[in-house]
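What follows is a single structure, written as structure tokens, with notes after it.
As the structure lists them, so they are numbered: ligands from 1, and atoms in each ligand from 1.
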Amino acid sequence: MSRVYNFSAGPAVLPEEVLKEAADEMLDYKGCGMSVMEMSHRSKTYDSIIKEAESDLRELMNIPDNYKVLFLQGGASQQFAAIPMNLMKNGVADYIITGQWAKKAYQEACMYGKANKIASSEDQTFSYIPDCSDLPISENADYVYICENNTIYGTKYKTLPNTKGKTLVADVSSCFLSEPVDVTKYGVIYGGVQKNVGPAGVVIVIIREDLITDDVLPGTPTMLKYKTQADADSLYNTPPCYGIYICGKVFKWLKKMGGLEVMKARNEEKAKLLYDFLDQSKLFKGTVRKEDRSLMNVPFVTGSDELDAKFVKEAKAAGLESLKGHRTVGGMRASIYNAMPKEGVEKLVAFMKAFEEANI
Ligand SMILES: *Cc1c(COP(=O)(O)O)cnc(C)c1O
């Protein structure tokens with residue numbers, strides 16, 4: 001067996017320990033004589049898997065009791081619709097556009113009510129986070145929406161926007177559990193888990209209880225009503241059982257690692273290795289304004305499409321996988337999520353150094 005260093009933006013690297021444990025339990029989960037994939041989601045065994053996953057997540061993120069944790073399907077993209085359907089009581093919401101995912105969420109919201117673009121960084125290819133200290137928040141806005149870490153462009157909010165008292169809704173898909181967050185600052189935090197938490201097929205929604213009501217837009221599907229899912233503790237229908245089980249293992253791994261403060265320090269250390277190299281490189285250049293750099297997704301370019309392609313190809317041959325930038329941006333992108341070990345980043349930087357020497 002040989003494992004590569006996988007820099008994919010998502011689905012992405014998972015902790016090796018978690019994969020090994022899952023492999024050990026594949027045929028016979030703790031003496032049940034069956035795989036977690038094969039058991040009823042109503043069984044006692046599965047009930048303890050999902051309950052334990054939730055309580056570990058609550059502990060990791062310090063989630064207050066007045067927030068519900070939902071494990072759902074449909075990916076982050078389905079939440080682009082679920083959020084306006086559930087939260088647009090006045091039919092108005094403000095969106096800050098910092099990349100493609102925020103833009104897609106905005107476009108979806110436009111189908112359900114009046115969505116306002118109150119700030120955007122599209123003028124400079126989303127290479128920065130706009131100043132959000134004094135935005136024209138709509139008086140009757142039901143919520144203010146952000147994508148907190150922009151997976152494609154490699155930017156991250158270092159301070160949350162001033163929502164002037166309005167409910168903040170955040171897509172944290174690509175920074176989920178990468179550092180501590182103050183849950184009380186948000187009405188809704190949600191993310192697809194396939195970036196930093198688990199396998200594709202699960203989206204986690206953390207939502208303040210007063211936002212969960214029957215007062216949703218007419219025509220909202222039963223499945224997309226947060227109330228349906230909250231009342232049933234994510235078991236209204238068959239949940240993504242196996243994916244939730246793996247997420248639970250990742251939560252245990254994070255606890256064992258020391259929790260989110262420790263992950264933050266580790267992630268900062270890894271990102272610094274790469275950014276410090278980029279800042280002095282004569283060949284490679286980071287594409288993001290320094291203050292807004294993501295700890296998770298690091299895009300960079302050489303300035304030449306041919307050299308970029310050569311780099312990606314030679315890196316792959318050296319066991320450094322999936323470094324090609326997003327198709328809309330080009331260049332390279334290294335996603336260095338929680339499960340990417342420091343050695344992976346060190347190896348990448350050493351490879352970049354050698355490539356630079358050979359190609360300059
Ligand atoms: C990947 C990603 C999405 C889309 O996730 P799906 O689960 O594929 O719908 C949305 N937002 C962000 C920030 C992402 O990184």
One should read off an interatomic distance between Arg293 CZ and Leu274 CG, to the nearest 0.5 angstrom, of 9.0 Å
Notebook entry, point to check: Taking C-beta and beyond as the side chain, do Phe126 and Asn150 meet within less than 4.5 Å on heavy atoms?
Noted result: no
Item to check | Parallel, tilted or perpendicular: rings of Trp101 and Phe80 (30°, 60°) | outcome: tilted
Test side-chain contact (heavy atoms from CB on, under 4.5 Å), reference Leu254, set Asn338, Val262, Leu57, Asp56, output is Asn338
Tested for side-chain contact (heavy atoms from CB on, under 4.5 Å) against Ile97, the lone hit among Lys104, Lys103, Gln107 is Lys103
Pro299 side chain reached by Val288 side chain, heavy atoms, under 4.5 Å = yes
Table of N or O contacts for ligand 1, cutoff 3.5 Å:
residue: ligand 1; atom: 7 (O); partner: Ala76; partner atom: N; Å: 3.0
residue: ligand 1; atom: 7 (O); partner: Gln194; partner atom: NE2; Å: 2.9
residue: ligand 1; atom: 8 (O); partner: Gln194; partner atom: NE2; Å: 3.4
residue: ligand 1; atom: 9 (O); partner: Ala76; partner atom: N; Å: 3.2
residue: ligand 1; atom: 9 (O); partner: Ser77; partner atom: N; Å: 2.8
residue: ligand 1; atom: 9 (O); partner: Ser77; partner atom: OG; Å: 2.6
residue: ligand 1; atom: 11 (N); partner: Asp171; partner atom: OD2; Å: 2.6
residue: ligand 1; atom: 15 (O); partner: Thr151; partner atom: OG1; Å: 2.4
residue: ligand 1; atom: 15 (O); partner: Lys195; partner atom: NZ; Å: 2.5

